[in-house]
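Side chains included, hydrogens not; waters and symmetry mates left out as well; all remaining heavy atoms used. For the single chain, residues carry numbers from 1 onward in sequence order. Atoms within each ligand, like the ligands themselves, are counted from 1 in listed order.
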Amino acid sequence: MQIFLEQLHQVLDQKYILTEDQDKNPYLTDWRKRYTGKALAVVLPRTAQEVAQIIRLCAINQVAVVPQGGHTGFCGGATPDSSGKQIVLNLKRMNTIREIDVANQTITVEAGCILQAIQEKAAAQDFLFPLSLGAEGSCMIGGNLATNAGGTNVLRYGNTRDLCLGLEVVTAKGEIWNGLKGLRKDNTGYDLRDLFIGSEGTLGIITAAVMKLYPLPISQWTTLVAADSVVSTITLLNLFQKRATSLLTGFEMMTQESLDLNEKHFPQMANPLKGNPPYTVLIELSDHESEAHVRQLLETILEEAFEASLITDAVIANNLAQANTFWHMREHITLAQAEEGANLKHDITIPLSALESFIEETDALVRAKFPGVRIINFGHLGDGNLHYNIAPPIGVDHKAFNLTNEKPIHELVYAQVERCQGSISAEHGVGQLKLEGLRAHKGEVAHELMKTLKRALDPQNILNPHKVVSI
Ligand SMILES: Cc1cc2nc3c(=O)[nH]c(=O)nc-3n(C[C@H](O)[C@H](O)[C@H](O)COP(=O)(O)OP(=O)(O)OC[C@H]3O[C@@H](n4cnc5c(N)ncnc54)[C@H](O)[C@@H]3O)c2cc1C
């Protein structure tokens with residue numbers, strides 16, 4: 001290993017190869033504090049050429065590499081194992097926005113660009129970069145691509161995969177694949193770009209990307225509404241989809257229990273709707289028409305929803321600051337859960353037609369088998385994506401509870417997901433957290449195909465081994 005470290009010094013300056021514990025530690029524990037690993041070194045390259053040289057050295061010396069962006073992922077994908085033999089390759093120094101192509105409506109960014117920095121750069125030129133999620137101040141576009149992140153705008157603009165036109169990737173051989181084309185049509189055989197997106201660093205290291213931009217909406221109205229049942233929220237979604245069509249850019253559902261937790265840890269995030277409704281839905285319409293036009297449309301749809309008894313209360317944000325407060329309320333649920341202590345997360349998708357029965361049955365089963373647990377259920381309802389999270393009963397030690405109950409709770413929830421033909425990972429990926437469950441979920445044929453791809457692209461198994469699939 002000493003030889004390998006010496007070889008690394010020929011590629012990177014000493015200060016970009018971290019080997020002391022106090023320097024490495026900030027890179028070794030994931031955001032949820034669920035996984036802590038060890039690393040031979042943490043390396044901080046600045047260019048794709050440096051990444052390629054490092055990977056070639058890893059291949060020669062049989063050293064496994066864990067790519068890392070903002071380390072905000074929820075599945076432990078960017079955390080090394082406990083062997084101390086892997087290196088972490090953090091891309092934060094690769095943070096240049098290379099180009100905005102106004103005519104092509106694209107932005108070319110390096111993998112280490114913070115998501116929020118890309119949004120701001122785009123907005124400064126009157127463009128919208130629509131990817132948006134609670135971790136946007138610290139997650140990086142390389143990590144977003146590697147996890148195919150979703151977030152709050154998927155309903156209108158799709159997930160990260162849908163926003164990407166081209167990639168630059170360092171392969172397991174240490175070659176640089178330059179696929180940085182900003183083309184909306186390119187039918188030239190296998191789609192290599194789509195192979196790397198969502199592969200969580202197991203097939204290649206993303207060093208740059210060409211992403212789509214959209215015209216910045218000039219009017220945006222955000223509302224919070226109260227609903228009594230899941231079925232009302234789904235019928236409400238369908239009503240908005242029918243009346244507002246592409247103007248509907250956000251539809252987020254929050255249960256009373258999730259908002260109670262929010263208020264406990266962030267009192268300034270109290271729900272402005274009176275009477276703690278069972279379901280609070282955040283809805284956003286955006287358009288390039290005048291503000292008055294969109295507001296009128298929103299009010300008309302809300303009136304129709306009241307008349308059909310789909311909602312019992314509504315409050316429309318009067319200005320951008322208030323709209324931001326509504327969104328912060330939604331985004332703070334994850335933070336409130338972290339404040340409360342470790343919880344059992346299930347990031348799942350269910351077909352909307354099966355959502356009501358999923359929630360009713362799963363809630364009943366969970367409450368019967370694990371009395372007193374708190375079901376913190378919220379999510380991007382417009383995408384059928386639920387964050388179905390479970391916290392221990394009040395007063396019970398979180399770690400001890402999770403240790404005993406994690407497996408049976410996961411099994412119960414995932415069996416319900418399979419029954420409804422859903423997915424065990426909607427947007428957070430697989431990482432090490434869901435490695436075991438993936439085989440059963442994907443089925444033998446799909447799982448073998450994934451392993452075949454991994455073996456073909458990374459025969460030495462040096463790229464993020466034992467994440468997503470084990471070969
Ligand atoms: C408060 C909060 C809210 C969140 N909300 C959402 C949400 O709404 N939707 C959502 O989808 N996620 C959400 N997340 C999860 C997380 O932010 C996303 O998964 C994000 O895309 C991870 O980006 P990152 O840069 O932190 O990646 P990391 O955590 O560093 O890495 C994630 C995975 O990608 C790999 N990787 C990282 N960079 C590269 C690269 N350049 N090349 C190849 N592989 C790479 C890593 O090895 C790892 O497997 C949230 C997280 C937090 C903390």
Exercise. Where is the tightest heavy-atom contact between Ile114 and Gly137, given as atom of each residue plus distance?
Worked result: CG2-O, 3.4 Å
Problem set entry | Distance-minimising heavy-atom pair for Tyr35 and Asp30 | N-OD1, 2.8 Å
Is the backbone N or O of [Y] less than 3.5 Å from a side-chain atom of [X], with the two atoms forming a donor-acceptor pair by type?
X: Glu427; Y: Gly151; result: yes
X: Asn262; Y: Ala270; result: no
X: Asn464; Y: Lys467; result: no

Backbone or side-chain N or O of [X] under 3.5 Å from ligand 1 N or O:
X: Ile205; value: no
X: Gly69; value: yes
X: Met140; value: yes
X: Thr334; value: no
X: Ala146; value: no
X: Gln68; value: no
X: Phe74; value: no
X: Trp31; value: no
X: Pro67; value: yes

Exercise. So does Glu448 pair up with Lys442, basic N to acidic O under 4.0 Å?
Worked result: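 Looking at Lys442 together with Glu448, the answer is no, because their closest N to O distance does not fall below 4.0 Å.
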For this session: Sort out for me which residue in Val66, Val88, Thr79, Asp21 forms a side-chain contact (heavy atoms from CB on, under 4.5 Å) with Leu28.
Result: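 By the side-chain contact (heavy atoms from CB on, under 4.5 Å) criterion, Leu28 pairs with just one of Val66, Val88, Thr79, Asp21: Val88.
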Element-labelled atoms of ligand 1 that are located less than 4.0 Å from some non-hydrogen atom of [X]:
X: Ala135; value: 2 (C), 3 (C), 17 (O), 51 (C), 52 (C), 53 (C)
X: Asn464; value: 47 (O), 49 (O)
X: Cys139; value: 23 (O), 24 (P), 25 (O), 26 (O)
X: Leu133; value: 5 (N), 6 (C), 7 (C), 8 (O), 13 (C), 17 (O)
X: Gly204; value: 43 (C)
X: Thr72; value: 15 (C), 16 (C), 17 (O), 20 (C), 22 (C), 23 (O), 24 (P), 26 (O), 29 (O), 51 (C), 53 (C)
X: Ala111; value: 41 (N)
X: Glu200; value: 35 (C), 47 (O), 49 (O)

For this session: Quick one: pull up CG in Leu224 and CD in Glu284 and give me the separation to the nearest 0.5 Å.
Result: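 One gets 11.5 Å once the value is rounded to the nearest 0.5 Å.
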Exercise. Below 4.5 Å, heavy atoms only, C-beta onward: do Ile118 and Met211 meet side chain to side chain?
Worked result: no
Exercise. Got Leu386 and Ile359 here, is their nearest side-chain heavy-atom distance under 4.5 Å?
Worked result: yes
Exercise. Checking side-chain contact (heavy atoms from CB on, under 4.5 Å) for the pair Met269/Glu263: CA distance, chi angles, key distance, verdict?
Worked result: CA-CA 6 Å; Met269 294 285 155; Glu263 202 175 335; over 6 Å; no
Exercise. Is it true that His447 and His441 have ring centroids separated by less than 6.0 Å?
Worked result: no
Problem set entry | Stacked cation flag Arg46 on Tyr16, 6.0 angstrom / 45 deg | no
So for [X], does at least one of its heavy atoms come nearer than 4.0 angstrom to any atom of ligand 1?
X: Leu91; result: yes
X: His380; result: yes
X: Gly431; result: no

For this session: Determine, considering heavy atoms only, which of Cys113, Cys75, Ala78 sits nearest to atom 31 (O) of ligand 1.
Result: Ala78
